[in-house]
Novice: 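Here you go, one structure.
Protein chains get the first letters and strands the later ones, always in sequence-line order, with residue 1 at the start of each. Atom set for the values below is all heavy atoms of this structure, side chains included, hydrogens, waters and symmetry mates excluded.
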Number of protein chains: 2
Amino acid sequence: MDERDVRLLKAISDLGTGSPERLHEETEIPVSTIHYRLNNLREAGVIENELYDLDLDALGLGVTVVIEVLADYSGSHEQLSERLLGVEGVTEAYFTMGETDFVVVARLPDSDDVERLIRAFEDIEEVDRTDSTFVIKSLRDGQRPLESYSLDTLVGMLADE
Amino acid sequence: MDERDVRLLKAISDLGTGSPERLHEETEIPVSTIHYRLNNLREAGVIENELYDLDLDALGLGVTVVIEVLADYSGSHEQLSERLLGVEGVTEAYFTMGETDFVVVARLPDSDDVERLIRAFEDIEEVDRTDSTFVIKSLRDGQRPLESYSLDTLVGMLADE
DNA sequence: GTTGAAAGAGCGCGCGT
DNA sequence: ACGCGCGCTCTTTCAAC
């Protein structure tokens, strides 16, 4: 991946579109090259799909909860991971170092549903304890991972030369 | 938003594409109706853009850190929020109730960069203390918020009738 | 609100350079 | 890496229900 790829990905993130035409206007890269590059990025596994940016508040999933999960997983964490991911509403799950074993983020329709969620976690055998933190306001939701980086930083970090 | 809209959004999430043709195959909804619906969802603010699903590991942002930020924000949290979001690498930020004031998730190229990140937070005036948790493995990264829900649950939660 | 047909625009892809 | 051109998909409109 070189600077051009990075500029392309950043442009997609900034513009919020994958349209070759629009990307060409932004990056000055010829349309057919954009095509060529995007295909390579696809094959490299960097780009996986095309999706939409959803406004979760507008959708009706306005409640966000961050849950720390402490668990007793004997040996492998695989099975427990599966169970955690199986709980409806879980949008993110991280297996972590340190005091807590997992950090989970969930999106729910309303506060009432939080009870259901916590109960679902507590009902999992391996789970010892959960610690929930309510989110008052979601400042950034992670649907555009490249958003926070400047183009220069990205080029410096990710470009091969 | 009715059941049909929900089925459409779920299909987009499951298939990982916004292609009207593919969505038609999946949902049985005629192509021109899919167009009509998607436009309405756009105007309602539910759909905001079209993006790509990025594999952050493949991209070179393989390190994930969850940071709890304790801060002394006098009155409004707006300004502090801006400063937190200004730190490069921050993909998610939540203003929360409870012991911690903010929960932040960041994606970084390598562990060395974590130091830069923490320092950037500590350099913000209002920030009193930070507590970082390293992520060993990212089990789900939140780029498809509807993923965890079954179609039935979504219809029950979000459809108007 | 839903649908099909039809026309126009934009895209996907291969070839040649 | 880039331009060109063909065929295809998607987009938009419109008339009908």
Side-chain angles (χ1 to χ4, degrees), chain A residues 1-55 58-60 143-144 146 151-152 154-156 158-161, chain B residues 1-55 58-60 144 146 151-152 154-161:
Chain A
M1 206 167 54
D2 63 5
E3 168 169 350
R4 242 176 170 182
D5 286 320
V6 175
R7 281 175 45 219
L8 207 48
L9 291 170
K10 175 66 171 165
I12 291 170
S13 178
D14 287 349
L15 297 178
T17 181
S19 157
E21 182 63 25
R22 303 271 297 103
L23 293 174
H24 163 64
E25 291 167 19
E26 179 77 12
T27 61
E28 302 276 88
I29 302 171
V31 177
S32 68
T33 304
I34 288 178
H35 230 284
Y36 175 73
R37 295 279 182 160
L38 289 180
N39 278 336
N40 287 344
L41 288 171
R42 237 179 271 272
E43 277 172 28
V46 175
I47 291 175
E48 309 210 300
N49 280 298
E50 62 225 66
L51 296 170
Y52 288 97
D53 196 357
L54 296 182
D55 183 323
L59 224 193
Q143 292 199 45
R144 298 196 199 190
L146 267 38
L151 178 55
D152 287 348
L154 284 176
V155 170
L158 305 178
D160 280 339
E161 59 232 66
Chain B
M1 208 170 54
D2 62 5
E3 169 169 349
R4 242 176 169 183
D5 287 320
V6 175
R7 280 174 46 217
L8 207 47
L9 292 169
K10 176 65 172 166
I12 291 170
S13 177
D14 287 348
L15 297 178
T17 181
S19 157
E21 183 62 26
R22 303 273 294 103
L23 294 174
H24 164 65
E25 290 167 20
E26 179 76 12
T27 62
E28 302 276 85
I29 301 172
V31 176
S32 68
T33 304
I34 288 177
H35 262 282
Y36 176 74
R37 293 280 182 161
L38 289 181
N39 281 334
N40 286 344
L41 288 170
R42 238 180 272 272
E43 279 172 27
V46 175
I47 291 175
E48 309 210 298
N49 280 298
E50 63 226 63
L51 297 169
Y52 287 99
D53 196 355
L54 297 182
D55 184 322
L59 222 192
R144 299 195 199 190
L146 267 37
L151 179 55
D152 287 347
L154 283 176
V155 169
M157 284 187 330
L158 305 177
D160 280 339
E161 61 230 63

Novice: For D:dC2, does OP1 or OP2 lie under 4.0 Å from any side-chain N or O of A:Arg37?
Specialist: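 No, outside the criterion.
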Novice: Mark yes or no for whether A:Asp2, through its side chain, and A:Asp5, through its backbone, hold a donor-acceptor pair below 3.5 Å.
Specialist: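 Such a contact is found between A:Asp2 side chain and A:Asp5 backbone.
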Novice: Under 4.5 Å between any side-chain heavy atoms of A:Tyr52 and B:Leu38, yes or no?
Specialist: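 They are in side-chain contact.
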Novice: Output the residues of residues 5-35 of chain A in contact with DNA chain C, where contact means a heavy atom of the residue under 4.0 Å from an atom of the strand; sort by number or write none.
Specialist: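 Those residues are A:Ser19, A:Pro20, A:Glu21, A:His35.
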Novice: Return the value, rounded to whole Å, for the distance between atom CG of A:Asp2 and atom P of D:dA1.
Specialist: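 Going from A:Asp2 (CG) to D:dA1 (P), I get 7 Å.
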Novice: Take the protein atom CD of B:Glu50 and the nucleotide atom P of C:dG10, then report the distance between them rounded to whole Å.
Specialist: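 So the CD-P distance, B:Glu50 to C:dG10, works out to 14 Å.
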Novice: If a pair means Watson-Crick or G-U wobble with both distances below 3.5 Å, what does DNA chain C look like in dot-bracket form, with | marking bases paired to a different strand?
Specialist: |||||||.|||||||||
Novice: Please tell me if the side chains of B:Arg7 and B:Arg4 come closer than 4.5 Å, counting only heavy atoms from C-beta onward.
Specialist: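 Yes, at least one pair of side-chain atoms sits under 4.5 Å.
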Novice: Count the heavy atoms belonging to other residues, nucleotides or ligands that lie under 6.0 Å from CZ of B:Arg22, then report whether that count exceeds 12.
Specialist: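 Counting neighbours around CZ of B:Arg22, 12 or fewer heavy atoms of other residues, nucleotides or ligands fall under 6.0 Å, so no.
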Novice: Under 4.0 Å between a side-chain N/O of A:Arg42 and OP1 or OP2 of C:dC13, yes or no?
Specialist: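 Answer no for this pair, as no side-chain N or O of A:Arg42 is under 4.0 Å from OP1 or OP2.
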Novice: Of all heavy-atom pairs between A:Glu3 and A:Ala159, which one has the smallest distance, and what is that distance?
Specialist: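 Heavy atoms only, the tightest pair is N-CB, 3.5 Å.
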Novice: With heavy-atom distances below 4.5 Å as the criterion, would you say the side chains of A:Gln143 and B:Asn49 are in contact?
Specialist: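 Of all side-chain heavy-atom pairs linking B:Asn49 with A:Gln143, none is under 4.5 Å.
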Novice: Report the distance from atom CD of B:Glu3 to atom P of C:dG1, rounded to the nearest whole Å.
Specialist: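 Distance, rounded to whole Å: 16 Å.
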Novice: Are the side chain of B:Asp160 and the backbone of B:Met1 linked by a donor-acceptor contact shorter than 3.5 Å?
Specialist: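 Yes, B:Asp160 side chain to B:Met1 backbone: donor-acceptor pair under 3.5 Å.
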Novice: To the nearest angstrom, how far is B:Tyr36 atom OH from D:dT11 atom P?
Specialist: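 After rounding, the reported distance stands at 17 Å.
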Novice: Are the side chains of B:Ile29 and B:Leu23 in contact, using a 4.5 Å heavy-atom criterion?
Specialist: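 Counting from C-beta outward, B:Leu23 and B:Ile29 never come under 4.5 Å.
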Novice: Do the non-hydrogen side-chain atoms of B:Leu9 and B:Ile47 ever get within less than 4.5 Å of each other?
Specialist: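 In short, these two side chains touch, coming nearer than 4.5 Å.
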Novice: Distance between the P atoms of D:dT11 and C:dC13, in whole angstroms?
Specialist: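 Those two atoms are separated by 16 Å.
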Novice: I need the CG-P distance between A:Leu38 and D:dC2, as an integer number of Å.
Specialist: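 So the two atoms are 13 Å apart, to the nearest Å.
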